[in-house]
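Quick notes on the structure that follows.
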Number of protein chains: 2
Amino acid sequence: MARAATTSDAFNAVAEPRRREILNYLALAERPVGDIVAGLGLEQPSVSKHLRVLRDVGLVRVRRNGRHMLYRTNAEAIRPLHDWTKTFERFWGHQLSRIKERAEAGSKEPDKE
Amino acid sequence: MARAATTSDAFNAVAEPRRREILNYLALAERPVGDIVAGLGLEQPSVSKHLRVLRDVGLVRVRRNGRHMLYRTNAEAIRPLHDWTKTFERFWGHQLSRIKERAEAGSKEPDKE
DNA sequence: TTGACATATTCCCATATAGGTATATATATT
DNA sequence: AATATATATACCTATATGGGAATATGTCAA
């Protein structure tokens, strides 16, 4: 098998750096494709294709305005990523005691040095 | 061009669901490969290969103990993901107070909508 | 040393890319 | 209707993938 499709979920979709840039760019306000092209210095077809992926996974929303397609970031779709990363927050934010960590892990490996 | 390598950064590495499972599994305590194989029900070579990717991007650390290789999640490497998703936090309206939010972010920006 | 155990690597393969170029579709303007 | 503008799609290609199977490497035990 090959890699999972970029459209399979938000994790795969945001793995591409340009798509993250686009999401950043569209976070504060909706913008037409041409603005993204100019703002990020990408080829127009490339932007359209990235937007297609982002749209398929719900990371952006679109509405038509004349001949312009206005895209904006749907922050809600980023939440699963945030939630997942958040589960590791405890390991760098406030450090948990090793004893409690070990107890929660239920490891059978000796925790020796 | 093809997609960026899974080993190019943490974003690409965690796009694979199994790798996220492995990171979850290794978050609380270091474990040998065999535990992951049994715990997650994956093929051994598959686990080794996933660990190789995770290791290449610094998402896991290893040490040898006899014939066992003990892996553990390096939560610090997940931080960039968390940081990026965090920039969208304000758009979905969590329960954290804006004051605390600003303090944690260390932001100098006005906290406007 | 030989054998068992634990993990890593290699090889094969079907597949989905991302970029570039060209073209198609849709809407507005005249 | 004809044309310009805005965006989307089709086509091509090199490439890295993840799974499976087989094998290699490394370590301990007898």
Side-chain angles (χ1 to χ4, degrees), chain A residues 1-23 25-26 30-57 59-72 107-110 112, chain B residues 1-23 25-26 30-57 59-73:
Chain A
M1 268 189 189
R3 229 201 282 201
T6 56
T7 51
S8 53
D9 57 34
F11 284 93
N12 279 279
V14 306
E16 166 65 40
R18 268 65 191 277
R19 282 196 285 267
R20 289 200 300 280
E21 289 179 29
I22 291 174
L23 290 174
Y25 194 75
L26 299 174
E30 62 182 2
R31 291 183 190 274
V33 179
D35 275 21
I36 308 173
V37 171
L40 302 184
L42 303 174
E43 297 294 325
Q44 178 267 315
S46 179
V47 170
S48 277
K49 281 185 279 188
H50 283 314
L51 288 170
R52 181 62 170 151
V53 172
L54 293 173
R55 201 179 162 194
D56 283 351
V57 297
L59 279 163
V60 296
R61 294 283 169 70
V62 215
R63 75 180 175 95
R64 176 180 283 284
N65 185 15
R67 17 183 179 182
H68 296 268
M69 294 295 273
L70 300 178
Y71 285 86
R72 65 184 168 85
S107 171
K108 282 159 190 154
E109 271 292 319
K112 63 192 170 193
Chain B
M1 269 187 189
R3 232 201 280 199
T6 56
T7 52
S8 55
D9 57 35
F11 283 93
N12 279 279
V14 307
E16 167 63 42
R18 267 67 191 271
R19 284 197 283 268
R20 289 200 300 278
E21 288 180 27
I22 291 175
L23 289 174
Y25 193 75
L26 299 174
E30 61 182 3
R31 293 185 190 271
V33 179
D35 274 21
I36 308 173
V37 171
L40 302 184
L42 304 173
E43 297 294 324
Q44 178 268 314
S46 179
V47 170
S48 277
K49 281 183 280 190
H50 283 313
L51 287 170
R52 182 62 170 148
V53 172
L54 293 173
R55 202 179 161 194
D56 283 351
V57 296
L59 279 163
V60 296
R61 295 281 169 71
V62 215
R63 76 182 175 95
R64 176 179 284 285
N65 185 14
R67 14 182 180 185
H68 297 268
M69 294 295 274
L70 301 179
Y71 285 86
R72 65 185 168 85
T73 296

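Per chain, numbering begins at 1; letters A, B, ... match sequence-line order. As the structure is a computational prediction, the values presented were derived from the model and not from experiment. Just so you know, these numbers use all the heavy atoms, side chains as well, and skip hydrogens, waters and symmetry mates.
A distance of 10.5 Å separates CZ of B/R31 from OG1 of B/T73, quoted to the nearest 0.5 Å. Between A/D9 atom CG and A/L59 atom CG the span is 9.5 Å, to the nearest 0.5 Å. Taking CD1 of B/I22 as the start and CD of B/E16 as the end, the distance is 8.5 Å to the nearest 0.5 Å.
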Show me the protein contacts with nucleotides 20-24 of chain D, counting only N or O atoms at under 3.5 Å.
| from | atom 1 | to | atom 2 | distance (Å) |
| --- | --- | --- | --- | --- |
| D/dG20 | O6 | B/K49 | NZ | 2.8 |

Any N/O pairs under 3.5 Å between the protein and nucleotides 24-30 of chain C? List them or say none.
none

Close N or O pairs between protein and nucleotides 13-15 of chain C (under 3.5 Å):
none

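With sequence neighbours excluded, no residue forms a side-chain hydrogen bond (donor to acceptor under 3.5 Å, both in side chains) with A/D35. Residues satisfying the salt bridge (Lys or Arg N to Asp or Glu O under 4.0 Å) test with A/R63, not counting sequence neighbours, are A/E30. Residues satisfying the side-chain hydrogen bond (donor to acceptor under 3.5 Å, both in side chains) criterion with A/S8, sequence neighbours excluded, are A/N12. Under the side-chain hydrogen bond (donor to acceptor under 3.5 Å, both in side chains) criterion, A/E21 pairs with no residue, sequence neighbours left out.
Annotation for A/R18: atom CZ does not count as buried by contact number, only 12 or fewer foreign heavy atoms lying within 6.0 Å.
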Which donor-acceptor pairs under 3.5 Å do the side chains of residues 46-57 of chain A make with protein atoms, sequence neighbours left out?
| from | atom 1 | to | atom 2 | distance (Å) |
| --- | --- | --- | --- | --- |
| A/S48 | OG | A/Q44 | NE2 | 3.2 |
| A/H50 | ND1 | A/R19 | NH1 | 3.1 |

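Inter-axis angle, ends of the helix from C/dT1-D/dA30 to C/dT30-D/dA1, five pairs per end, rounded to 10 degrees: 10°.
Nearest to the side-chain atoms of B/E16 among the listed nucleotides D/dG18, C/dT17, D/dT9 stands D/dG18.
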